[in-house]
Amino acid sequence: MDEKILLNKKHGMAALLVTLILYLAAIAGCVFGGIILGDNGNAALLVISIVWLCVGWIPFCGLKILEPQEALVLTLFGRYVGTLKGDGYYFVNPFCTAVNPAADTHLHQSGDVDNGSAKSALSLAFSAGKTEVSIPGKKKLSLKIMTLNNNRQKINDCLGNPVEIGIAVMWRVVDTAKAVFNVDNYKEYLSLQCDTALRNIVRIYPYDVAPNVDTTGDGIADEGSLRGSSEVVAARIRDEIQKRVDEAGLEIVEARITYLAYAPEIAAVMLQRQQASAVIDARKMIVDGAVGMVEMALDRLSQNGVVELDEERKAAMVSNLLVVLCGNRDAQPVVNSGSLY
């Protein structure tokens, strides 16, 4: 369904003034036609004035006020007639009905903060002993950029490790007709598609860099990961969601990863694994540095002619230096007061 923008409808103030003037004229017609003139009054004028006083409130139903970045989808007896967009005071057919199936849907997002009316309605319902409450929501569609923050999900990465991940999606309505008529509830539809797209993308990546893993689909192993390639992963999640919500008239502005961690059942094991990797890397660096220092010491002693060492003494010296340089504790030297040989 294509969106139709209703133009040249900003006649709200003029319609309001005309309706009020007609009301005043009807009151005057009743006074002069039925009270002052009495039997000499005009019966037709009196009848018309009374009829207008009874039905003259109907044009007020056609007055619509829109604030900036708001829209109103209108139907007339079940037929879509158009959408009001832009701030202003509008006058439309009084029998038109505003449609917004997601008006009462409250998700974890910026646009679902009520002004206290829901709380007052709940308090009145509970005081009356009611257990089911229907809180009327406004029928206007917000065109502002809103942030959807779905609950964290537990998903297995490409290696089968369960991870917990949460995303924040910035979105807005760009086609009001599609949002209202193509899906049952565009907010719930967006939330569901965000969860589905997140699962489809996360299962492609490992949590951390792993060997022989292809995350791009080109058949070549790469270093993509959820932790190290968060920008790329977020961009792919955004594109995946956008493809799924095009039919709903929504635009995904941005998607960001807000939480990422291993699931609690394997978090301790993965922490030990990371600690072990860190210890191995540190030991490797220490050994490399120690070997370099030993080589430098032997070269300096040989160049300066400080002492002549045979192979056996060199091996003992290398062993002692490596023990001192690679040990976890401070060395306790033993002084040899006798002969070297």
Side-chain angles (χ1 to χ4, degrees), residues 105-110 112 145-171 183-248 250-288 328:
T105 302
H106 297 280
L107 304 175
H108 298 290
Q109 61 182 23
S110 58
D112 289 332
I145 296 177
M146 292 183 285
T147 302
L148 172 63
N149 189 11
N150 270 7
N151 295 327
R152 299 172 185 173
Q153 294 191 67
K154 184 185 294 185
I155 308 172
N156 292 338
D157 64 2
C158 69
L159 301 178
N161 298 322
V163 298
E164 289 186 348
I165 185 170
I167 60 171
V169 178
M170 278 63 77
W171 66 282
V183 294
D184 183 59
N185 188 316
Y186 63 90
K187 289 184 179 180
E188 293 181 354
Y189 180 79
L190 172 64
S191 178
L192 177 61
Q193 296 306 322
C194 287
D195 292 344
T196 305
L198 181 62
R199 288 185 176 275
N200 288 342
I201 298 300
V202 169
R203 66 180 179 82
I204 301 175
Y205 288 85
Y207 179 86
D208 212 339
V209 177
N212 301 323
V213 175
D214 175 24
T215 62
T216 58
D218 57 0
I220 301 175
D222 53 68
E223 295 185 353
S225 65
L226 296 174
R227 190 171 65 90
S229 308
S230 58
E231 294 291 334
V232 177
V233 175
R236 294 187 66 175
I237 293 174
R238 179 220 170 264
D239 295 339
E240 182 74 12
I241 299 174
Q242 184 63 65
K243 289 190 298 184
R244 295 172 177 270
V245 299
D246 278 337
E247 288 298 321
L250 307 179
E251 178 189 0
I252 307 302
V253 179
E254 189 179 11
R256 291 292 178 186
I257 297 176
T258 57
Y259 181 83
L260 178 63
Y262 281 113
E265 56 266 25
I266 67 166
V269 177
M270 289 301 176
L271 179 59
Q272 293 178 357
R273 179 181 177 183
Q274 292 177 355
Q275 291 175 344
S277 298
V279 170
I280 292 174
D281 292 339
R283 287 296 180 184
K284 182 179 179 181
M285 184 179 298
I286 292 173
V287 170
D288 290 341
N328 291 329

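None of these values were measured; they are calculated from a predicted model.
Of all the heavy atoms in Trp171 and Val169, the pair that sits closest is CD1-O, 3.7 Å. The shortest heavy-atom contact between Ala255 and Ile237 is CB-CG2, 4.4 Å. Taking both residues in full, the closest heavy atoms of Cys194 and Leu148 are given as SG-CD2, 4.0 Å, listed atom of the first, atom of the second, then distance.
Asn200 pairs by the side-chain hydrogen bond (donor to acceptor under 3.5 Å, both in side chains) definition with nothing, not counting sequence neighbours. Not a single side-chain hydrogen bond (donor to acceptor under 3.5 Å, both in side chains) links Glu164 to another residue, sequence neighbours left out. For Glu247, the side chain to side chain contact (heavy atoms under 4.5 Å, CB included) partners are Asn182, not counting sequence neighbours. Considering only residues two or more places apart in sequence or on other chains, Arg152 meets the side chain to side chain contact (heavy atoms under 4.5 Å, CB included) condition with Tyr259. Scored by the side-chain hydrogen bond (donor to acceptor under 3.5 Å, both in side chains) test, Tyr205 finds Arg236 as partners (sequence neighbours excluded). Evaluation of the side-chain hydrogen bond (donor to acceptor under 3.5 Å, both in side chains) rule for Asn185 yields Thr105 as partners, not counting sequence neighbours. For Gln242, the side chain to side chain contact (heavy atoms under 4.5 Å, CB included) partners two or more places apart in sequence, or in a different chain, are Arg238, Val245, Asp246, Glu251, Ile252.
For residues 217-247, no pair satisfies ring-ring contact (aromatic ring centres under 6.0 Å, His included), with sequence neighbours left out. The salt bridge (Lys or Arg N to Asp or Glu O under 4.0 Å) pairs that include a residue from residues 211-225 number zero, where partners must be two or more places apart or lie in different chains.
Remark: the backbone N or O of Val232 is not paired with any side-chain donor or acceptor of Ser229 at under 3.5 angstrom.
Side-chain atoms of Arg244 and Glu240, non-hydrogen and from C-beta on, do get closer than 4.5 Å to each other. Between Leu190 and Ile241 the shortest side-chain heavy-atom distance falls below 4.5 Å.
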Criterion side chain to side chain contact (heavy atoms under 4.5 Å, CB included) on Ser230 and Leu260, from CA distance to verdict: CA-CA 10 Å; Ser230 58; Leu260 178 63; over 6 Å; no
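The CD atom of Glu265 lies 10.5 Å from the CG atom of Asn161; values are rounded to the nearest 0.5 Å. Here the straight-line distance linking atom CG of Leu198 with atom CD1 of Ile165 works out to 5.0 Å at 0.5 Å rounding.
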For residues 206-213, dump all side-chain donor-acceptor pairs below 3.5 Å to protein atoms at least two apart in sequence or in another chain.
unit_1 : atom_1 : unit_2 : atom_2 : d
Asp208 : OD1    : Arg227 : NH2    : 3.1
Asp208 : OD2    : Arg227 : NE     : 3.4
Asp208 : OD2    : Arg227 : NH2    : 2.7

